[in-house]
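Lettering of chains follows the sequences in order, A, B, ..., and the numbering in each one begins at 1.
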Protein chains: 2
Amino acid sequence: MRADAVRNRERILEAARVEVGLGGTECSLDNVAKRAGVGPGTLYRHFPTRDDLVGALLLGWADEVRTDTDATAGDTWDDVLEWLVRLADHSMLYRGLASTLAAAEADEASPLRTVHAVVLGAMSRLLDRAREAGVVTVPVDADEISRLVAGIAMSAEQANLAAAQVRSMLAIVLNGLTQARPNN
Amino acid sequence: MRADAVRNRERILEAARVEVGLGGTECSLDNVAKRAGVGPGTLYRHFPTRDDLVGALLLGWADEVRTDTDATAGDTWDDVLEWLVRLADHSMLYRGLASTLAAAEADEASPLRTVHAVVLGAMSRLLDRAREAGVVTVPVDADEISRLVAGIAMSAEQANLAAAQVRSMLAIVLNGLTQARPNN
DNA sequence: ACCTGAACACCGTTCAAGT
DNA sequence: ACCTGAACACCGTTCAAGT
(Lines give C-alpha, C1' and ligand atoms only; values in the text may rest on other atoms or scores of the structure.)
Protein backbone atom coordinates (compact mmCIF):
# COMPACT_ATOMS: atom_id res chain seq x y z
CA MET A 1 0.00 0.00 0.00
CA ARG A 2 1.30 3.42 -0.93
CA ALA A 3 2.26 5.79 1.85
CA ASP A 4 -0.48 8.33 1.07
CA ALA A 5 -3.04 5.53 0.91
CA VAL A 6 -2.11 4.37 4.40
CA ARG A 7 -2.34 7.89 5.70
CA ASN A 8 -5.69 8.50 4.03
CA ARG A 9 -7.15 5.30 5.42
CA GLU A 10 -6.10 6.38 8.90
CA ARG A 11 -7.55 9.85 8.42
CA ILE A 12 -10.84 8.39 7.24
CA LEU A 13 -11.10 6.11 10.26
CA GLU A 14 -10.36 8.99 12.59
CA ALA A 15 -12.97 11.17 10.91
CA ALA A 16 -15.46 8.31 10.95
CA ARG A 17 -15.00 7.85 14.68
CA VAL A 18 -15.99 11.48 15.19
CA GLU A 19 -18.87 11.54 12.70
CA VAL A 20 -20.35 8.20 13.76
CA GLY A 21 -19.99 9.34 17.35
CA LEU A 22 -21.97 12.46 16.54
CA GLY A 23 -24.53 11.15 14.08
CA GLY A 24 -24.63 7.41 14.57
CA THR A 25 -23.95 4.64 12.08
CA GLU A 26 -26.24 6.33 9.53
CA CYS A 27 -24.24 9.56 9.49
CA SER A 28 -23.35 11.23 6.21
CA LEU A 29 -20.41 9.62 4.46
CA ASP A 30 -19.89 12.89 2.63
CA ASN A 31 -19.16 14.52 5.97
CA VAL A 32 -16.74 11.75 6.87
CA ALA A 33 -14.83 12.35 3.65
CA LYS A 34 -14.87 16.12 4.16
CA ARG A 35 -13.62 15.80 7.74
CA ALA A 36 -10.89 13.44 6.60
CA GLY A 37 -9.89 15.90 3.87
CA VAL A 38 -10.29 13.38 1.05
CA GLY A 39 -12.55 13.12 -1.96
CA PRO A 40 -15.61 10.89 -1.75
CA GLY A 41 -14.02 8.50 -4.22
CA THR A 42 -11.14 7.88 -1.82
CA LEU A 43 -13.51 6.90 0.95
CA TYR A 44 -15.23 4.46 -1.41
CA ARG A 45 -11.93 2.97 -2.49
CA HIS A 46 -10.97 2.15 1.09
CA PHE A 47 -14.45 1.25 2.33
CA PRO A 48 -16.79 0.14 -0.47
CA THR A 49 -19.85 0.01 1.82
CA ARG A 50 -20.97 1.74 4.98
CA ASP A 51 -20.73 -1.57 6.82
CA ASP A 52 -17.08 -1.92 5.82
CA LEU A 53 -16.38 1.41 7.47
CA VAL A 54 -18.43 0.66 10.59
CA GLY A 55 -16.87 -2.79 10.76
CA ALA A 56 -13.37 -1.31 10.78
CA LEU A 57 -14.49 1.02 13.54
CA LEU A 58 -15.71 -1.89 15.65
CA LEU A 59 -12.67 -4.13 15.71
CA GLY A 60 -11.50 -2.80 19.05
CA TRP A 61 -15.07 -2.70 20.28
CA ALA A 62 -15.57 -6.41 19.71
CA ASP A 63 -12.38 -7.16 21.60
CA GLU A 64 -13.58 -5.11 24.55
CA VAL A 65 -16.88 -6.95 24.66
CA ARG A 66 -15.18 -10.33 24.40
CA THR A 67 -12.65 -9.51 27.12
CA ASP A 68 -15.38 -8.28 29.42
CA THR A 69 -17.54 -11.31 28.75
CA ASP A 70 -14.72 -13.80 29.25
CA ALA A 71 -13.83 -12.06 32.52
CA THR A 72 -17.37 -12.50 33.82
CA ALA A 73 -17.91 -15.54 36.02
CA GLY A 74 -21.65 -15.62 35.40
CA ASP A 75 -22.22 -17.85 38.40
CA THR A 76 -24.77 -15.65 40.16
CA TRP A 77 -27.93 -13.92 39.04
CA ASP A 78 -26.51 -10.48 39.84
CA ASP A 79 -23.27 -11.18 38.06
CA VAL A 80 -25.09 -12.09 34.88
CA LEU A 81 -27.41 -9.09 35.19
CA GLU A 82 -24.46 -6.70 35.49
CA TRP A 83 -22.90 -8.30 32.46
CA LEU A 84 -26.14 -7.84 30.50
CA VAL A 85 -26.16 -4.18 31.53
CA ARG A 86 -22.60 -3.72 30.29
CA LEU A 87 -23.42 -5.53 27.04
CA ALA A 88 -26.42 -3.27 26.44
CA ASP A 89 -24.22 -0.27 27.21
CA HIS A 90 -21.69 -1.43 24.66
CA SER A 91 -24.47 -1.93 22.13
CA MET A 92 -25.42 1.70 22.53
CA LEU A 93 -21.94 3.15 21.98
CA TYR A 94 -23.12 4.62 18.69
CA ARG A 95 -26.67 5.39 17.67
CA GLY A 96 -27.79 2.73 15.21
CA LEU A 97 -25.15 0.26 16.36
CA ALA A 98 -27.55 -2.33 17.79
CA SER A 99 -29.65 -2.14 14.68
CA THR A 100 -26.63 -2.48 12.41
CA LEU A 101 -25.37 -5.51 14.31
CA ALA A 102 -28.80 -7.14 14.31
CA ALA A 103 -29.02 -6.74 10.54
CA ALA A 104 -25.60 -8.34 10.20
CA GLU A 105 -27.00 -11.51 11.69
CA ALA A 106 -29.20 -12.13 8.66
CA ASP A 107 -26.57 -11.11 6.10
CA GLU A 108 -24.05 -13.88 5.54
CA ALA A 109 -21.76 -11.58 3.57
CA SER A 110 -21.82 -8.65 5.99
CA PRO A 111 -18.44 -7.11 6.89
CA LEU A 112 -19.77 -7.10 10.45
CA ARG A 113 -20.01 -10.87 10.54
CA THR A 114 -16.59 -11.23 12.21
CA VAL A 115 -17.44 -8.64 14.83
CA HIS A 116 -20.72 -10.38 15.55
CA ALA A 117 -19.10 -13.81 15.69
CA VAL A 118 -16.50 -12.69 18.22
CA VAL A 119 -19.19 -11.42 20.55
CA LEU A 120 -21.38 -14.49 20.07
CA GLY A 121 -18.48 -16.80 20.85
CA ALA A 122 -17.82 -15.13 24.16
CA MET A 123 -21.53 -15.07 24.95
CA SER A 124 -21.82 -18.74 24.28
CA ARG A 125 -19.03 -19.54 26.73
CA LEU A 126 -20.59 -17.33 29.39
CA LEU A 127 -23.93 -18.99 28.81
CA ASP A 128 -22.35 -22.37 29.53
CA ARG A 129 -20.99 -21.12 32.83
CA ALA A 130 -24.31 -19.54 33.77
CA ARG A 131 -26.12 -22.76 32.98
CA GLU A 132 -23.69 -24.80 35.05
CA ALA A 133 -24.23 -22.45 37.99
CA GLY A 134 -27.98 -22.80 37.62
CA VAL A 135 -28.51 -19.15 36.77
CA VAL A 136 -29.86 -20.07 33.35
CA THR A 137 -32.16 -23.07 33.38
CA VAL A 138 -34.24 -22.54 30.25
CA PRO A 139 -33.28 -23.81 26.78
CA VAL A 140 -31.80 -20.80 24.97
CA ASP A 141 -28.78 -20.04 22.83
CA ALA A 142 -26.41 -17.10 22.62
CA ASP A 143 -28.07 -15.85 19.43
CA GLU A 144 -31.37 -15.50 21.16
CA ILE A 145 -29.94 -13.62 24.12
CA SER A 146 -28.01 -11.41 21.74
CA ARG A 147 -31.22 -10.55 19.90
CA LEU A 148 -33.07 -9.79 23.11
CA VAL A 149 -30.33 -7.45 24.30
CA ALA A 150 -30.14 -5.81 20.87
CA GLY A 151 -33.89 -5.30 20.94
CA ILE A 152 -33.74 -3.66 24.34
CA ALA A 153 -30.88 -1.47 23.15
CA MET A 154 -32.87 -0.37 20.10
CA SER A 155 -35.91 0.33 22.24
CA ALA A 156 -33.82 2.35 24.67
CA GLU A 157 -32.24 4.31 21.84
CA GLN A 158 -35.55 5.20 20.19
CA ALA A 159 -37.31 6.12 23.42
CA ASN A 160 -34.32 7.78 25.10
CA LEU A 161 -34.59 5.52 28.13
CA ALA A 162 -32.61 6.03 31.31
CA ALA A 163 -30.12 3.41 32.47
CA ALA A 164 -32.46 2.22 35.24
CA GLN A 165 -35.18 1.43 32.73
CA VAL A 166 -32.77 -0.57 30.59
CA ARG A 167 -31.64 -2.50 33.65
CA SER A 168 -35.22 -3.26 34.59
CA MET A 169 -35.97 -4.72 31.15
CA LEU A 170 -32.80 -6.80 31.24
CA ALA A 171 -33.79 -8.09 34.67
CA ILE A 172 -37.11 -9.28 33.29
CA VAL A 173 -35.33 -11.12 30.49
CA LEU A 174 -32.83 -12.70 32.86
CA ASN A 175 -35.67 -13.69 35.14
CA GLY A 176 -37.24 -15.42 32.16
CA LEU A 177 -34.04 -17.37 31.61
CA THR A 178 -33.70 -18.39 35.21
CA GLN A 179 -37.01 -19.89 36.17
CA ALA A 180 -38.73 -23.00 34.96
CA ARG A 181 -41.74 -22.31 32.79
CA PRO A 182 -45.10 -23.04 34.43
CA ASN A 183 -47.45 -25.40 32.68
CA ASN A 184 -50.86 -23.99 33.51
CA MET B 1 -62.52 21.65 3.12
CA ARG B 2 -62.74 22.02 -0.64
CA ALA B 3 -63.87 19.03 -2.68
CA ASP B 4 -60.54 18.60 -4.47
CA ALA B 5 -58.72 18.83 -1.16
CA VAL B 6 -60.78 16.00 0.29
CA ARG B 7 -60.15 13.90 -2.77
CA ASN B 8 -56.42 14.60 -2.74
CA ARG B 9 -56.14 13.73 0.94
CA GLU B 10 -57.83 10.40 0.23
CA ARG B 11 -55.58 9.73 -2.74
CA ILE B 12 -52.49 10.47 -0.68
CA LEU B 13 -53.56 8.09 2.07
CA GLU B 14 -54.25 5.36 -0.46
CA ALA B 15 -50.87 5.88 -2.11
CA ALA B 16 -49.16 5.96 1.28
CA ARG B 17 -50.71 2.64 2.24
CA VAL B 18 -49.12 1.09 -0.84
CA GLU B 19 -45.74 2.80 -0.56
CA VAL B 20 -45.38 2.26 3.20
CA GLY B 21 -46.42 -1.33 2.64
CA LEU B 22 -43.65 -1.73 0.08
CA GLY B 23 -40.88 0.37 1.59
CA GLY B 24 -41.75 0.74 5.25
CA THR B 25 -42.30 3.91 7.25
CA GLU B 26 -39.10 5.43 5.83
CA CYS B 27 -40.27 5.14 2.23
CA SER B 28 -39.84 8.05 -0.16
CA LEU B 29 -42.49 10.73 0.27
CA ASP B 30 -41.77 11.80 -3.28
CA ASN B 31 -43.00 8.42 -4.46
CA VAL B 32 -46.12 8.74 -2.33
CA ALA B 33 -46.91 12.08 -3.98
CA LYS B 34 -46.17 10.70 -7.45
CA ARG B 35 -48.38 7.66 -6.86
CA ALA B 36 -51.16 9.89 -5.56
CA GLY B 37 -50.81 12.10 -8.61
CA VAL B 38 -50.25 15.29 -6.62
CA GLY B 39 -47.36 17.71 -6.29
CA PRO B 40 -45.02 17.35 -3.31
CA GLY B 41 -46.37 20.58 -1.89
CA THR B 42 -49.85 19.12 -1.67
CA LEU B 43 -48.60 16.20 0.37
CA TYR B 44 -46.88 18.62 2.75
CA ARG B 45 -50.00 20.72 3.07
CA HIS B 46 -52.05 17.73 4.21
CA PHE B 47 -49.32 16.01 6.21
CA PRO B 48 -46.61 18.41 7.41
CA THR B 49 -44.41 15.61 8.75
CA ARG B 50 -43.83 11.97 7.97
CA ASP B 51 -45.28 11.06 11.36
CA ASP B 52 -48.50 12.88 10.53
CA LEU B 53 -48.88 10.69 7.48
CA VAL B 54 -47.96 7.47 9.27
CA GLY B 55 -50.23 8.45 12.15
CA ALA B 56 -53.18 8.84 9.81
CA LEU B 57 -52.38 5.44 8.37
CA LEU B 58 -52.44 3.86 11.84
CA LEU B 59 -55.81 5.01 13.13
CA GLY B 60 -57.50 1.78 12.13
CA TRP B 61 -54.48 -0.19 13.21
CA ALA B 62 -54.66 1.11 16.77
CA ASP B 63 -58.32 0.20 16.94
CA GLU B 64 -57.55 -3.33 15.83
CA VAL B 65 -54.89 -3.74 18.49
CA ARG B 66 -57.15 -2.33 21.19
CA THR B 67 -60.07 -4.53 20.19
CA ASP B 68 -57.87 -7.60 20.16
CA THR B 69 -56.34 -6.73 23.50
CA ASP B 70 -59.65 -6.00 25.17
CA ALA B 71 -61.00 -9.30 23.85
CA THR B 72 -58.13 -11.20 25.45
CA ALA B 73 -58.86 -12.69 28.86
CA GLY B 74 -55.20 -12.91 29.84
CA ASP B 75 -55.99 -15.35 32.62
CA THR B 76 -53.60 -18.09 31.52
CA TRP B 77 -49.94 -18.11 30.55
CA ASP B 78 -50.75 -19.39 27.06
CA ASP B 79 -53.46 -16.83 26.52
CA VAL B 80 -51.09 -13.99 27.34
CA LEU B 81 -48.36 -15.49 25.18
CA GLU B 82 -50.67 -15.70 22.18
CA TRP B 83 -51.66 -12.12 22.74
CA LEU B 84 -47.99 -11.08 22.85
CA VAL B 85 -47.44 -12.91 19.57
CA ARG B 86 -50.33 -11.06 17.97
CA LEU B 87 -49.08 -7.74 19.34
CA ALA B 88 -45.63 -8.36 17.91
CA ASP B 89 -47.23 -9.31 14.60
CA HIS B 90 -49.18 -6.08 14.57
CA SER B 91 -45.99 -4.17 15.35
CA MET B 92 -44.41 -5.62 12.24
CA LEU B 93 -47.20 -4.68 9.83
CA TYR B 94 -44.88 -2.17 8.20
CA ARG B 95 -41.11 -2.15 8.24
CA GLY B 96 -39.99 0.56 10.65
CA LEU B 97 -43.30 0.63 12.47
CA ALA B 98 -42.03 -0.64 15.82
CA SER B 99 -39.15 1.81 15.67
CA THR B 100 -41.45 4.70 14.79
CA LEU B 101 -43.81 3.88 17.64
CA ALA B 102 -40.95 3.52 20.11
CA ALA B 103 -39.64 6.93 19.13
CA ALA B 104 -43.10 8.40 19.66
CA GLU B 105 -42.89 7.41 23.31
CA ALA B 106 -40.15 9.94 23.95
CA ASP B 107 -41.68 12.70 21.84
CA GLU B 108 -44.51 14.43 23.69
CA ALA B 109 -45.61 16.25 20.54
CA SER B 110 -45.57 13.26 18.20
CA PRO B 111 -48.65 12.78 15.99
CA LEU B 112 -48.37 9.11 16.96
CA ARG B 113 -49.00 9.87 20.61
CA THR B 114 -52.73 9.12 20.32
CA VAL B 115 -52.08 5.85 18.55
CA HIS B 116 -49.58 4.86 21.21
CA ALA B 117 -51.89 5.89 24.03
CA VAL B 118 -54.77 3.79 22.72
CA VAL B 119 -52.59 0.70 22.63
CA LEU B 120 -51.07 1.40 26.05
CA GLY B 121 -54.51 1.84 27.60
CA ALA B 122 -55.66 -1.54 26.39
CA MET B 123 -52.38 -3.13 27.47
CA SER B 124 -52.74 -1.69 30.93
CA ARG B 125 -56.20 -3.20 31.33
CA LEU B 126 -54.97 -6.58 30.12
CA LEU B 127 -52.05 -6.38 32.51
CA ASP B 128 -54.46 -5.92 35.41
CA ARG B 129 -56.36 -9.04 34.41
CA ALA B 130 -53.16 -11.03 33.99
CA ARG B 131 -51.95 -9.91 37.39
CA GLU B 132 -55.22 -10.88 39.02
CA ALA B 133 -55.01 -14.32 37.46
CA GLY B 134 -51.46 -14.71 38.75
CA VAL B 135 -49.94 -14.88 35.26
CA VAL B 136 -47.95 -11.71 35.91
CA THR B 137 -46.45 -11.54 39.38
CA VAL B 138 -43.54 -9.16 38.91
CA PRO B 139 -43.77 -5.38 39.25
CA VAL B 140 -44.00 -4.03 35.69
CA ASP B 141 -46.10 -1.53 33.79
CA ALA B 142 -47.64 -1.51 30.32
CA ASP B 143 -44.94 0.87 29.04
CA GLU B 144 -42.23 -1.58 29.90
CA ILE B 145 -43.98 -4.51 28.24
CA SER B 146 -44.65 -2.35 25.22
CA ARG B 147 -40.95 -1.51 24.97
CA LEU B 148 -39.93 -5.14 25.29
CA VAL B 149 -42.30 -6.21 22.54
CA ALA B 150 -41.19 -3.30 20.34
CA GLY B 151 -37.57 -4.31 20.89
CA ILE B 152 -38.28 -7.89 19.88
CA ALA B 153 -40.17 -6.64 16.82
CA MET B 154 -37.22 -4.44 15.80
CA SER B 155 -34.79 -7.31 16.32
CA ALA B 156 -36.98 -9.63 14.26
CA GLU B 157 -37.26 -7.06 11.50
CA GLN B 158 -33.52 -6.44 11.27
CA ALA B 159 -32.54 -10.10 11.44
CA ASN B 160 -35.44 -11.41 9.34
CA LEU B 161 -36.50 -13.81 12.07
CA ALA B 162 -39.10 -16.51 11.60
CA ALA B 163 -42.33 -16.45 13.60
CA ALA B 164 -41.14 -19.30 15.83
CA GLN B 165 -38.08 -17.33 16.90
CA VAL B 166 -40.20 -14.32 17.77
CA ARG B 167 -42.52 -16.51 19.81
CA SER B 168 -39.56 -18.01 21.66
CA MET B 169 -38.26 -14.57 22.65
CA LEU B 170 -41.71 -13.48 23.78
CA ALA B 171 -42.01 -16.64 25.88
CA ILE B 172 -38.77 -15.77 27.66
CA VAL B 173 -40.08 -12.30 28.45
CA LEU B 174 -43.42 -13.64 29.67
CA ASN B 175 -41.59 -16.18 31.76
CA GLY B 176 -39.69 -13.30 33.30
CA LEU B 177 -42.96 -11.61 34.19
CA THR B 178 -44.47 -14.72 35.69
CA GLN B 179 -41.96 -15.99 38.17
CA ALA B 180 -40.71 -14.48 41.37
CA ARG B 181 -37.17 -13.23 41.16
CA PRO B 182 -34.60 -15.34 43.08
CA ASN B 183 -32.49 -13.59 45.69
CA ASN B 184 -29.19 -15.43 45.45
C1' DA C 1 -58.25 28.00 -0.34
C1' DC C 2 -55.74 24.87 -2.56
C1' DC C 3 -52.56 23.09 -6.08
C1' DT C 4 -48.41 22.93 -9.00
C1' DG C 5 -43.88 22.33 -9.97
C1' DA C 6 -39.54 24.69 -10.09
C1' DA C 7 -35.81 25.40 -6.99
C1' DC C 8 -32.52 24.46 -3.37
C1' DA C 9 -29.76 21.69 -0.32
C1' DC C 10 -28.05 17.35 0.77
C1' DC C 11 -26.50 12.80 0.06
C1' DG C 12 -24.77 8.29 -2.05
C1' DT C 13 -22.27 6.60 -5.80
C1' DT C 14 -19.59 6.43 -10.06
C1' DC C 15 -15.93 7.48 -13.09
C1' DA C 16 -12.96 10.15 -16.30
C1' DA C 17 -9.07 12.79 -15.69
C1' DG C 18 -5.09 13.54 -13.30
C1' DT C 19 -0.44 12.43 -10.64
C1' DA D 1 -1.68 2.69 -7.75
C1' DC D 2 -4.12 6.08 -5.86
C1' DC D 3 -6.53 10.54 -5.64
C1' DT D 4 -9.67 14.26 -7.08
C1' DG D 5 -13.81 16.29 -7.94
C1' DA D 6 -17.33 16.77 -11.36
C1' DA D 7 -21.50 14.50 -12.50
C1' DC D 8 -25.78 12.02 -11.88
C1' DA D 9 -29.80 10.37 -9.46
C1' DC D 10 -32.64 10.74 -5.62
C1' DC D 11 -34.88 12.83 -1.85
C1' DG D 12 -36.91 16.25 1.59
C1' DT D 13 -38.60 20.74 1.88
C1' DT D 14 -40.02 25.39 0.55
C1' DC D 15 -42.40 28.83 -1.95
C1' DA D 16 -43.75 31.87 -5.81
C1' DA D 17 -47.01 31.55 -9.27
C1' DG D 18 -51.22 30.00 -10.64
C1' DT D 19 -56.52 28.74 -10.40
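Here A:Ser28 lies in heavy-atom contact (under 4.0 Å) with sugar-phosphate atoms only.
For D:dC2, neither phosphate oxygen OP1 nor OP2 lies less than 4.0 angstrom from any side-chain nitrogen or oxygen of A:His46. Listed pair B:Asn8 / C:dC2 fails the phosphate criterion, with no side-chain N or O lying under 4.0 Å from OP1 or OP2. Between A:Arg2 and the phosphate of D:dA1, there is no side-chain N or O to OP1/OP2 separation shorter than 4.0 Å.
When the C1' atom of C:dA6 is taken as reference, atom NZ of B:Lys34 falls 14 Å away, rounded to whole Å. Look at CG on A:Leu29: it is 4 Å from P on C:dG12, rounded to the nearest Å. To the nearest angstrom, P of C:dC2 lies 15 Å from CG of B:Leu43. The CD atom of B:Glu19 sits 14 Å away from the C1' atom of D:dC10 (whole-angstrom rounding). Following rounding to the nearest Å, A:Arg11 (CZ) and D:dC2 (P) show an atom-to-atom distance of 16 Å. For A:Tyr44 and C:dT13, the OH to P distance is 3 Å, given to the nearest whole Å.
Of the nucleotides present, C:dA6 is the one that pairs with D:dT14 by Watson-Crick or G-U wobble criteria, both distances under 3.5 Å. Base pairing analysis places D:dT19 opposite C:dA1; the two distances defining the Watson-Crick or G-U wobble pair are each below 3.5 Å.
When all heavy atoms of B:Thr72 and B:Arg129 are compared, the closest pair comes out as O-NH2, 2.7 Å. Scanning all heavy atoms of the two residues, the minimum distance from A:Ala98 to A:Met154 falls at CB-CG, 3.9 Å.
Nearest-nucleotide assignment on DNA chain C puts the 5′-proximal partner with A:Cys27, out of A:Thr42 and A:Cys27. Taking the nucleotide of DNA chain D with the nearest heavy atom to each of B:Asp30 and A:Gly37, the more 5' of the two is matched to A:Gly37. When each of A:Glu26 and B:Arg45 is assigned the nucleotide of DNA chain C with its nearest heavy atom, B:Arg45 is the one assigned upstream, toward the 5' end.
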Side-chain donor-acceptor pairs under 3.5 Å in residues 5-18 of chain A, sequence neighbours left out?
unit_1	atom_1	unit_2	atom_2	d
A:Asn8	ND2	A:Asp4	O	3.4

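Looking only at distances, no side-chain donor or acceptor of A:Asp52 sits under 3.5 Å from a matching main-chain atom of A:Phe47.
Residue B:Met1 places its side chain closer to C:dC2 than to any other of C:dC2, D:dT14, D:dG12. When each of D:dC11, C:dC3, D:dT13 is scored by its nearest atom to the side-chain atoms of B:Ala5, the top-ranked nucleotide is C:dC3. Among the nucleotides D:dG12, C:dG12, D:dC3, the one closest to the side chain of A:Arg50 is C:dG12.
The pair A:Glu108-A:Arg113 meets the salt-bridge criterion, since a charged nitrogen lies less than 4.0 angstrom from a carboxylate oxygen.
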